[in-house]
Amino acid sequence: MATSTVSRTRPSRPARRPERRPAIRIRRQLTTSPWLFAAPGLLITGVFILYPFVSTVFNAFTDRRTLIPGQFVGLANFRELLHDDMFWIGLRNSTLYVVGVVPALVLLPLLLALLVQKNIPGITFFRSAFYTPVVASIVVVGLIWVWLLDERGLVNSLLETIGVGKVGFLSDQWLLLLSAMAVTVWKGLGYYMIIYLAALANVPRELHEAAAVDGAGPVRRFFTVTVPAIRSTMVLVAALSSVSAFKVFSEVYLLASPSGGPAGEDTTLVMLVQRTGTGLTGRVGYASAISLVVFAVTVVLMLLVLRADRREDA
């Protein structure tokens, strides 16, 4: 008996789809990796900048002290500022500091950068010498200037030798403030000089050559070529120096002592914050209100500088 074999064709299986797990894993890594890299910086910013700022804003509307949580008092701290003589003295001194320091820190480092810009033998030594005060500790710098300007210091000894007599650099109200300004300018010259050197290196040489062909001298080329080319850098220096000058603390504190000079007449706003908000009986709420005023004024200074630059562009 013959048997017939019937060939059965098996249905073809569908092709396997590529697994998506590796792709999903890579996509997750691409979305999480940037946050992992940014996490340390975000954590430091949140703990040391964002949280203190929010805490200061909250405390400014309370009567909190160092060991007492305090209660919400609304605008009482700000109303007290209007009748606080020391607050107005600090605001006056901080404003005068900006007026006296900012023009010097905008112009003098630029002139210094022009002097050390050329590559001549030995210029590296002078660049390093001008930049040395920047890396020096402000405490060391302050003590050096105190020794120089003290009544028995080097400067008064030289003045007494030539018959001029002693000058109260650290005992007169206005001379002490001017001395602190001189320290700030001296210490900041090298820092802003480096910024200007980077800006001057980007000024096209062809512009100077074209101006020289037209008969422009060095002074005219400075005002018609150099200044317009680095104007944005000058605005940056003005903004940075104005904010730093308004928040001055170390220079005046070291030269005038914690009391703020004779009768506290050289106290700045940041010194007032430190004096009011520290200690076991420190008025943290009132000091926070002063800090908010300092913050608001610095923001206004930045906006004024940027607005002046925009007007020139227009």
Side-chain angles (χ1 to χ4, degrees), residues 85-86 88-116 122-123 125-193 196 219 222 237-238 241-242 244-272 274-275:
D85 293 336
M86 289 304 302
W88 292 108
I89 290 175
L91 182 61
R92 178 200 64 191
N93 292 331
S94 297
T95 304
L96 290 176
Y97 218 89
V98 173
V99 175
V101 167
V102 173
L105 286 180
V106 172
L107 298 178
L108 293 181
L110 176 58
L111 299 178
L112 199 61
L114 291 173
L115 290 176
V116 301
I123 198 63
F125 169 78
F126 290 99
R127 291 177 181 174
S128 302
F130 292 142
Y131 192 76
T132 300
V134 179
V135 298
S137 171
I138 184 60
V139 177
V140 175
V141 170
L143 291 177
I144 291 174
W145 280 85
V146 168
W147 294 336
L148 289 174
L149 301 178
D150 191 65
E151 291 186 358
R152 293 176 296 178
L154 178 62
V155 176
N156 275 318
S157 298
L158 293 176
L159 292 177
E160 194 173 9
T161 302
I162 62 178
V164 176
K166 294 184 178 181
V167 179
F169 293 105
L170 304 182
S171 58
D172 183 78
Q173 171 188 349
W174 301 112
L175 287 179
L176 195 152
L177 197 62
L178 291 175
S179 301
M181 293 180 185
V183 175
T184 301
V185 173
W186 177 76
K187 185 169 174 56
L189 281 177
Y191 177 76
Y192 297 112
M193 178 195 72
Y196 278 127
V219 177
F222 172 75
V237 171
S241 59
S242 60
S244 177
F246 192 81
K247 298 189 302 180
V248 65
F249 172 78
S250 301
E251 292 89 332
V252 182
Y253 185 85
L254 292 171
L255 268 65
S257 73
S259 61
E265 289 293 329
D266 291 295
T267 302
T268 62
L269 284 180
V270 179
M271 290 180 64
L272 185 61
Q274 184 269 342
R275 186 188 308 168

Notebook entry, point to check: Taking Tyr196 for the side chain and Val237 for the main chain, is one N or O donor matched with an acceptor at less than 3.5 Å?
Noted result: no
Please tabulate, one pair per line, all N/O donor-acceptor pairs under 3.5 Å involving side-chain atoms of residues 147-155, not counting sequence neighbours.
| residue | atom | partner | partner atom | Å |
| --- | --- | --- | --- | --- |
| Asp150 | OD2 | Arg152 | N | 3.3 |

Compare every heavy atom of [Y] with every heavy atom of [X], then report the nearest pair and how far apart it is.
{"X": "Gly264", "Y": "Met86", "value": "O-CE, 3.6 Å"}
{"X": "Arg275", "Y": "Pro258", "value": "NH2-O, 3.5 Å"}
{"X": "Val98", "Y": "Ser242", "value": "CG2-O, 3.8 Å"}

About how many Å separate [atom2] of [Y] and [atom1] of [X], when rounded to the nearest 0.5 Å?
{"X": "Trp88", "Y": "Leu272", "atom1": "CH2", "atom2": "CG", "value": "12.5 Å"}
{"X": "Ile123", "Y": "Ser128", "atom1": "CD1", "atom2": "OG", "value": "10.0 Å"}
{"X": "Met181", "Y": "Leu105", "atom1": "CE", "atom2": "CG", "value": "11.5 Å"}
{"X": "Thr95", "Y": "Asn93", "atom1": "OG1", "atom2": "CG", "value": "8.5 Å"}

Pairs of donor and acceptor atoms involving the side chains of residues 159-178, under 3.5 Å and at least two apart or interchain, shall be tabulated with distances.
| residue | atom | partner | partner atom | Å |
| --- | --- | --- | --- | --- |
| Thr161 | OG1 | Ser157 | O | 2.7 |
| Asp172 | OD2 | Trp174 | N | 3.1 |
| Asp172 | OD2 | Leu175 | N | 3.1 |

Check: Among Leu143, Ile138, Ile144, whose side-chain contact (heavy atoms from CB on, under 4.5 Å) with Val140 holds?
Finding: Ile144
Would you give me the side-chain donor-acceptor pairs under 3.5 Å for residues 245-256, sequence neighbours excluded?
| residue | atom | partner | partner atom | Å |
| --- | --- | --- | --- | --- |
| Glu251 | OE2 | Thr184 | OG1 | 3.2 |

With sequence neighbours excluded, give me every salt bridge (Lys or Arg N to Asp or Glu O under 4.0 Å) pair touching [range].
{"range": "residues 131-147", "value": "none"}
{"range": "residues 138-149", "value": "none"}
{"range": "residues 253-267", "value": "Arg92-Glu265"}

Next item on the list: Take Phe222 and Leu110, measure what side-chain contact (heavy atoms from CB on, under 4.5 Å) needs, and give me the verdict at the end.
Entry: CA-CA 11 Å; Phe222 172 75; Leu110 176 58; 3.7 Å; yes
Check: Can you list the residues that meet the side-chain hydrogen bond (donor to acceptor under 3.5 Å, both in side chains) rule with Ser259, with sequence neighbours excluded?
Finding: Ser257
For residues 185-192, run the donor-acceptor check on the side chains, cut-off 3.5 Å, and write out each pair with its distance to 0.1 Å, sequence neighbours left out.
| residue | atom | partner | partner atom | Å |
| --- | --- | --- | --- | --- |
| Lys187 | NZ | Pro133 | O | 2.6 |
| Lys187 | NZ | Val134 | O | 3.3 |
| Lys187 | NZ | Ala136 | O | 2.7 |

